[in-house]
Amino acid sequence: MEGYRGRPWTRLPALLLACAAAAAVGECRVVHVGEAHRRSMLANGLGATPPMGWNSWNHFACDGNGEVVIRETADALVSTGLAAAGYKYVNLDDCWAEPERDAKGNLAANKKTFPHGIKALADYVHSKGLKLGIYSDAGYKTCAKAQPGSLGHEEQDAKTFASWGVDYLKYDNCNNGDTKPLQRYPDMSKALMQAGRPIFFNLCEWGDMHPARWGAAYGNSWRTTNDIEDTWNSMTSMADQNEVWAEYARPGGWNDPDMLEVGNGGMTNDEYIVHFSIWAISKAPLIIGCDVRHMSQDTYDILANKEVIAVNQGGLQIPLRLSVRAPALAFALPAG
Ligand code: GAL
């Protein structure tokens with residue numbers, strides 16, 4: 001399969017798809033991203049290729065997302081060879097913090113689940129050659145309502161994350177009192193840029209305000225969809241919604257159709273092969289969402305497939321088109 005660059009006729013199906021989707025909400029216009037824009041990167045210099053790592057949410061949600069799991073996950077990424085295959089980020093999701101800020105107004109790690117705090121966890125993860133990611137929300141409370149959001153505390157929280165040695169921030173979109181994403185996400189972006197540590201910035205805005213159109217100025221990746229579920233229908237729906245924005249992905253800023261479900265048990269092995277392959281050719285972040293401490297050989301073989309990872313990380317830094325599903329499946333499914 002080839003990319004569309006220099007072959008304008010191959011772009012037509014995707015543009016039509018974009019138009020069809022936009023028409024559903026009463027807007028149909030073809031957007032072109034120029035080469036100069038495509039080449040510019042956020043000044044934090046991160047995300048030259050789509051990020052690879054692991055996140056706690058798809059498997060653990062709020063339960064069991066504690067420091068023991070995170071440390072063991074870091075250990076497992078290294079001992080299985082997944083870290084060597086490129087999976088470097090170990091990312092906490094919602095529910096890592098105390099429900100209230102501390103006396104100084106700082107976010108504080110949940111005393112029960114993260115008794116040693118986030119700095120000690122970051123030190124441990126770094127000692128393994130990995131990077132630590134954290135989660136917050138561009139609102140007053142996070143989506144699980146378990147902890148405060150960062151709205152109005154952007155500078156303070158960005159400094160806290162930097163002081164702990166955090167390398168990645170997933171920034172969610174709940175409980176914001178209808179304030180504007182185009183204010184909230186830039187505010188955190190600026191705060192991160194001034195926090196004194198390069199922090200990969202993932203805008204988890206769910207695609208509501210089409211962040212593919214503006215996200216590259218503020219972040220390194222942006223969700224193009226709502227939450228993935230561990231089913232074939234959900235996974236292919238994420239792929240289709242993400243595809244519309246293919247033209248906007250480039251080094252420094254990537255479309256994010258949500259994290260991987262490979263290994264969580266809701267799809268067949270062949271379906272997981274397709275899932276991983278589609279994410280790879282879409283230049284999507286490869287963020288594992290299963291329990292890598294207890295994964296099957298089949299799961300490992302999918303996630304560690306060097307050729308598929310090379311498609312995601314190497315070569316042309318643009319997504320390949322998925323507009324016609326059949327060839328993508330033929331490419332993804334094993335022979336026989
Ligand atoms: C959702 C987000 C999920 C997860 C969850 C945590 O908004 O899309 O990926 O982070 O919140 O509450």
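Numbering starts at 1 and runs along the sequence shown. For ligands, and for the atoms within them, numbers begin at 1 and follow the listed sequence.
When only non-hydrogen protein atoms are considered, atom 12 (O) of ligand 1 lies nearest to D94 OD2, 2.7 Å. Protein heavy atom in closest approach to atom 3 (C) of ligand 1: D227 OD2, 3.5 Å. When only non-hydrogen protein atoms are considered, atom 4 (C) of ligand 1 lies nearest to D93 OD1, 3.4 Å. Distance from atom 11 (O) of ligand 1 to its nearest protein heavy atom, with residue and atom name: D172 OD2, 2.7 Å.
Ring geometry for H210 against W245 counts as tilted: the plane angle lies between 30° and 60°, on a 0 to 90° scale. Using cut-offs of 30° and 60° for the angle between ring planes, the H275 and W279 rings count as perpendicular. Between F200 and Y168, the ring planes lie parallel to each other; the angle is under 30°, not in the 30° to 60° tilted range.
Nearest to atom 9 (O) of ligand 1 by heavy-atom distance, out of K170, M259, K145, is K170.
The N/O atoms of R223, backbone and side chain alike, include one that comes under 3.5 Å of an N/O atom in ligand 1.
Listed by number with element, the atoms of ligand 1 under 4.0 Å from a non-hydrogen atom of W206 are 7 (O), 8 (O). The A144 neighbourhood of ligand 1 comprises atoms 12 (O), with distances under 4.0 Å to a heavy atom of that residue.
In this structure, the separation between CD1 on I70 and CG on L130 is 12.0 Å, given to the nearest 0.5 Å.
Atom NZ of K128 has more than 12 heavy atoms from other residues, nucleotides or ligands within 6.0 Å.
Salt bridge status for K119 with D123: present, with a side-chain N to carboxylate O gap under 4.0 Å.
Contact of the I288 side chain with the C290 side chain is registered, since non-hydrogen atoms from C-beta on lie closer than 4.5 Å.
The proximity of C204 to ligand 1, defined as any non-hydrogen pair under 4.0 Å, is limited to the side chain.
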